[in-house]
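Down below is the structure, laid out as structure tokens.
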Amino acid sequence: MSNNSPIYRVNDLLKAEEAPEGVVMVQGWVRTIRNSKAFSFIELNDGSSLKNFQIVADASLDGYAENVQAASVGASMTVTGQVVASQGGGQAWEMQADAVTLVGHAQEDYPLQKKGHSMQFMRSIAHLRPRSNLFGAVFRVRSRMAYAIHQFFQERGFVYVHTPIITASDCEGAGEMFRVAATKGDGLAEGEEEFFGKPTYLTVSGQLEGETFACALSNIYTFGPTFRAENSNTTRHASEFWMIEPEMAFCDLEGDMNVAEEMVTYLIQDALDHCADDLEFFGKFVDKGLLERLRLVVEKPFVRVTYEEAVSLLQESGKSFEYPVEFGVNLQSEHERYLTEEHFQCPVTVYNYPAGVKPFYMRRNDDDRTVAAMDVLVPGIGEIVGGSQREERLDILEKNLAEHDLSLEDYSWYVDLRRYGSVPHAGFGLGFERLLMFITGVSNIRDVIPFPRTPGSAEF
Ligand code: 4AD
Ligand code: MG
């Protein structure tokens, strides 16, 4: 812009103790505009805050007709002027405009004219929905939480590791993977099978590669996208989601649970401290019990029960579950939710699962029928963290691989870690979107990720 005024973000202006001196500039999108004879009121939003910045534009301004009267909801504009104490209630400061430039006109069919669209409709306009109050708030919280995750680990000396997105190994052993193949134009490229010399997939987890780095740098974490071809069309599953995976050397299951619980608590506290306006909005419009629940999580220690204790509690609950429970079955979301929402009414860490339902890498317990695995369950969602101590004993790991029909050759690099200076080590995966659902109260995973990928849907 041909103007040297300092540019302010709306959030900084709204929170300022004193109005900045002289003429300043704000830039954003029109949320509402009311034109009267003598002047116009414009509510401008630049995404830095839930709140809009109120601008008063006098009808005597140069270019008033083309830049103000012609503007409509959704248009982008640049405004310079003096920040003054606001006459109306609701905000401390407003701007008396000196100059308004309509940067980009919004056509009449701008879909976000009115409030109260369904979430379904908002998903169909995922390219515009960040301009709404709800999604602006969700994605500010998402950004803050990503920052807080790095802060949590960096403060504790963990090293951030980038694990590959293309991989040849199926960490979780569930076989729910997406093939990666080279293509040319529409068809498969010649010899696509051979591009990497063997079949490759989008990673389901960075854990195995993460373990190699933990066995060198001691404490590491990954934070990246992961992919799962599970065909479960639920509100908690996405085909592409982000996961945080710390891995700690010289660490057992107990240490692992400590870090997981501490991390979840830390992130919630950080959100309460740094996203107060956005959380208050969720508490009002999305989930009335949200703030109370979040405060409770920060104040109260998580409950820990073994899988076998959990099974007994479920059997004694008198509930008729769709999937009956007994030792050896995987806990379903109905079971997880009973434990956290009804029985304990707080987050619950369940540990020592039966070996038969868990992947090859988990450490076998002395009872020889359970493994040192743990899941953190929270009310409203169920599992947000899954982790374990890893099998560090060479002979038992080799036996596990064989039992899971995995080839020693494919995993030789992983097994090597047990040959050269093996250490007890443990880690977990925190589902980033599940955490965000818990912190915002938003009940569908599709609404906490910018562009959701789910079975049958990869728009945008
Ligand atoms: O329990 P999972 O499958 O564990 C692992 O992948 C381990 N390799 C982690 C580790 O020990 N390093 O997944 C971890 C978490 C789950 O607790 C859940 O929060 C999330 O990832 N998750 C999903 N989130 C969204 N959509 C899906 N389809 C998800 N699958 C798992
Ligand atoms: Mg799991």
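Both counts, for ligands and for their atoms, begin at 1 and track the order of listing.
Residue Gly386 approaches ligand 1 through these ligand atoms, each under 4.0 Å from one of its heavy atoms: 1 (O), 9 (C), 10 (C), 11 (O), 17 (O). Those atoms of ligand 1 with a heavy atom of Val385 less than 4.0 angstrom away are 17 (O). Within ligand 1, counting atoms from 1 as listed, the ones closer than 4.0 Å to a heavy atom of Gly431 are 15 (C), 19 (O), 20 (C), 21 (O). Each of the following atoms of ligand 1 lies closer than 4.0 Å to a heavy atom of Phe428: 9 (C), 10 (C), 11 (O), 12 (N).
Remark: minimum distance from atom 15 (C) of ligand 1 to any protein heavy atom is reached at Gly429 O, 3.6 Å. Scanning all protein heavy atoms for the shortest distance to atom 26 (N) of ligand 1 gives Ala238 N, 3.0 Å. Scanning the protein heavy atoms around atom 24 (N) of ligand 1, the nearest turns out to be Phe241 CD1, 3.4 Å. For atom 14 (C) of ligand 1, the closest non-hydrogen atom of the protein is Met243 SD, 3.4 Å. Taking atom 19 (O) of ligand 1 as the reference point, the nearest protein heavy-atom neighbour is Ile384 O, 2.9 Å. Looking only at heavy atoms of the protein, atom 7 (C) of ligand 1 is closest to Glu172 OE2, 3.3 Å. Atom 17 (O) of ligand 1 has as its closest protein heavy atom Glu383 OE2, 2.6 Å.
Nearest heavy atom pair, residue Arg144 against residue Asp270, reads NE-OD1, 2.8 Å. Between Tyr307 and Glu326, the shortest heavy-atom contact is OH-O, 3.3 Å. Across every non-hydrogen atom of Lys284 and Lys288, the tightest pair is O-NZ, 2.8 Å. Scanning all heavy atoms of the two residues, the minimum distance from Leu44 to Val30 falls at CD1-N, 3.9 Å.
Looking at Arg228, Glu433, Glu230, Met437, it is Glu230 that brings a heavy atom closest to atom 28 (N) of ligand 1. The option with the heavy atom closest to atom 12 (N) of ligand 1, from among Gln389, Glu245, Met362, is Glu245. By heavy-atom distance, the residue among Gln207, Glu211, Arg453, Arg434 lying nearest atom 18 (C) of ligand 1 is Arg434.
In terms of modelled atom types and a separation under 3.5 Å, the side chain of Ser232 and the main chain of Thr234 share no donor-acceptor contact.
Between Glu240 and Arg228 there is no salt bridge, since none of the side-chain N atoms of the basic residue sits less than 4.0 Å from a carboxylate O of the acidic one. A salt bridge between Glu383 and Arg337 is absent, with no side-chain N of the basic residue lying under 4.0 Å from a carboxylate O of the acidic one. Between Glu459 and Arg123 no salt bridge is recorded (no basic side-chain N to carboxylate O distance below 4.0 Å). The pair Arg156-Glu262 meets the salt-bridge criterion, since a charged nitrogen lies less than 4.0 angstrom from a carboxylate oxygen. A salt bridge does not link Glu43 to Lys51: none of the charged nitrogens lies less than 4.0 Å from a carboxylate oxygen.
Of the residues listed (Arg364, Arg419, Arg363), the one engaging Glu392 in a salt bridge (Lys or Arg N to Asp or Glu O under 4.0 Å) is Arg363, and it is the only one.
With sequence neighbours excluded, no residue forms a ring-ring contact (aromatic ring centres under 6.0 Å, His included) with Trp29.
Using a 4.0 Å heavy-atom cutoff, Arg390 is listed among the residues neighbouring ligand 1.
Checked by atom type, the side-chain pair His274/Tyr147 shows no donor-acceptor distance below 3.5 Å. Side-chain atoms of Asn133 and Arg31 include a donor-acceptor pair closer than 3.5 Å.
The proximity of Ile445 to ligand 1, defined as any non-hydrogen pair under 4.0 Å, is limited to the side chain. Looking at Tyr361 against ligand 1, only its side chain comes within 4.0 Å, counting heavy atoms. Contacts with ligand 1 closer than 4.0 Å are made by backbone heavy atoms (N, CA, C, O) of Arg236 only, the side chain lying farther away.
Protein N/O/S atoms found under 2.8 Å from the Mg ion (ligand 2): Glu383 OE2.
Taking distance alone, with nitrogen or oxygen atoms compared against 3.5 Å, Gly387 stays at or beyond that limit from ligand 1.
For the pair Arg236 and Phe241, the cation does not sit on the ring face, since its NZ or CZ is not both under 6.0 Å from the ring centre and inside 45° of the axis.
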